Number of protein chains: 2
Amino acid sequence: MQALGARIVGGSLAPGTSIPIEEELVSELGVGRSAVREGVKVLAGKGLLETRRSAGTIVRPRASWNLLDADVLSWRFEPQPRPEDIRVLADLRVALEPGAARVAAERADAAAVRRIDEALAALYATADDPEPFIEADLAFHQAVFAAADNDLLLYIYDMISIALRSVRQVHTRSVEHNKETLPGHERVAQAIRRRHHRKAEEAMRGVVEVARADAARSADQHARLCC
Amino acid sequence: MQALGARIVGGSLAPGTSIPIEEELVSELGVGRSAVREGVKVLAGKGLLETRRSAGTIVRPRASWNLLDADVLSWRFEPQPRPEDIRVLADLRVALEPGAARVAAERADAAAVRRIDEALAALYATADDPEPFIEADLAFHQAVFAAADNDLLLYIYDMISIALRSVRQVHTRSVEHNKETLPGHERVAQAIRRRHHRKAEEAMRGVVEVARADAARSADQHARLCC
DNA sequence: GTTAAGACCTTCATCTGATGAAAAAGTAAC
DNA sequence: GTTACTTTTTCATCAGATGAAGGTCTTAAC
């Protein structure tokens, strides 16, 4: 399943083409027919494959893939995310997070606010330490999504955080840079605490717009350095 | 797969409990062991199940389900969505769509703008006809998401539209009501056409806030009528 | 009585072989 | 050239066997 999935999402098995027949996969991957069939069925369940009797198994068009499946996201971002994917991710955050912060300000109960404040404290506590800071950052944003009391929204953020973890190595975040982001996060937390949805949204927009600009810059540098 | 998935998402197989062993499912569902195993594997791929050797197969906690999987969403919203799920869906649109419209205004190319205008025309053309109007409405919002040039965002909307199709029967939309929503949609299209991201966002917020208020009202009425 | 090592049992994991069904491809008749 | 038939390919499903991993139970030593 992993082998096939990574090949499809990675692009070496293009949509529309048919994958080797069961028997060939058995010998190629060195497993039994049952294993092949179960793997193919799982990938079909994720929208990557479609099996047709007597016509083989073909790779479905990208439009029908479960793009927000944890495995599919990993195969897409894991080894080295493409610059285009980094843009997509940054844009998605800009589109989503301000609105999520707004709903969080509308729906947050006392416990949710407390968890956001704790996450904010962890952010301040780790500002000098790049690695833990990234985790604290992810935890802060997750706490905001959790405050919106909406499992679909929280699920989307969890998938985004999978991708963000893969992208973070591209970001060359300095300690100074981390500290600069603290006031923005503080404003988000404060607005949610005061149930001020407009301010929560604007504060979060500030945070993710900065992140998007950073990502664009990092992607540029990265492209210049390695190519 | 369908039978088990619907039972899990529907709640009659609670998280943490173990499902019947393979042999029992074989006789219960009237299929072979291979079919059972393939189905269980697919559900495991969607995060609903977890198999452990010698310990049976258990239902995973809700937090690890692929909530934005098309099948999982169908099982959740299909027969009759719960009022709580309608709220979740309406909140998700409020959180997501204004931001998506903003990014659409930033990224839309000429072809994307044209497709939005076509969808808008279809909206006007079907305003007197409730059923086609709903489809035109879904198509308009999809065109906006498509304009953002972001496959993850578009995927999220496609999943939302699956849920919206199930919810629409709850909405008792009148022809007058439909016509009242036209100016809002017009404003969204115009703002995107003019690449005015702030206005696109505000216009879309107006549209989805109205939809949220309608949904809340309909859910109330529905609850009163049937219980 | 307590404890720990060993046998045993349950259950999923995987392989293999066989049969069936559906669709495509080839073939022959007209 | 078209149509109807046959063959082949390939997935769908069932059934049986073996293996591995984890839990449970017995039993014997202390």
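In what follows, every chain begins at residue 1, and chains take the letters A, B, ... in the order their sequences are listed. For the numbers below, each heavy atom of this structure counts, side chains included, while hydrogens, waters and symmetry mates do not. Given the structure is predicted, the values throughout are model-derived calculations rather than measurements.
- Applying the side-chain hydrogen bond (donor to acceptor under 3.5 Å, both in side chains) test to residues at least two apart or on different chains, the pairs with a partner in residues 44-53 of chain A are Lys46(A)-Asp69(A), Lys46(A)-Asp71(A).
- The two residues Ala14(A) and Val59(A) make their nearest non-hydrogen contact at O-CB, 3.5 Å.
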Atom pairs under 3.5 Å: protein N/O with N/O of nucleotides 22-24 of chain D:
{"residue": "dG22(D)", "atom": "O4'", "partner": "Ser54(B)", "partner atom": "OG", "Å": "3.3"}

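- At a threshold of 4.0 Å, the pair Arg33(A)-Glu23(A) does not count as salt-bridged, since none of the basic side-chain nitrogens sits closer than that to a carboxylate oxygen.
- Counting only distance, with no hydrogens or angles, the side chain of Trp65(B) and the backbone of Arg60(B) share a donor-acceptor pair below 3.5 Å.
- Sorted by first and then second residue, the pairs that involve residues 148-169 of chain B and meet ring-ring contact (aromatic ring centres under 6.0 Å, His included), not counting sequence neighbours, are Phe145(B)-Tyr157(B).
- Inter-residue side-chain proximity for Arg107(A) and Asn150(A) is flagged as unmet; no heavy-atom pair is nearer than 4.5 Å.
- Ionic pairing of Glu84(A) and Arg87(A) is present here: one or more N-O contacts between side-chain nitrogen and carboxylate oxygen are shorter than 4.0 angstrom.
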Take Arg76(B) and Leu152(A) through the test side chain to side chain contact (heavy atoms under 4.5 Å, CB included) and record every step on the way to the result. CA-CA 12 Å; Arg76(B) 175 171 179 175; Leu152(A) 293 177; 3.7 Å; yes
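- When rounded to the nearest whole Å, the span between CZ of Arg37(B) and P of dG16(D) equals 17 Å.
- Contacts between residues 19-35 of chain A and DNA chain C, defined by a heavy-atom separation under 4.0 Å, are made by Val31(A), Gly32(A), Arg33(A), Ser34(A), Ala35(A).
- Residue contacts for Arg52(A): at a heavy-atom cut-off of 4.0 Å it reaches the sugar-phosphate backbone alone, with no base atom in range.
- The structure places CG of Leu67(A) at 8.5 Å from CG of Leu154(B), a figure rounded to the nearest 0.5 Å.
- Protein chain A contacts DNA chain C from dC15(C) to dA23(C), reading 5' to 3' and using non-hydrogen atoms of the protein with a distance under 4.0 Å.
- Listed by first and then second residue, the side-chain hydrogen bond (donor to acceptor under 3.5 Å, both in side chains) pairs involving residues 120-131 of chain A are Tyr124(A)-Glu186(A), Asp128(A)-Lys179(A) (not counting sequence neighbours).
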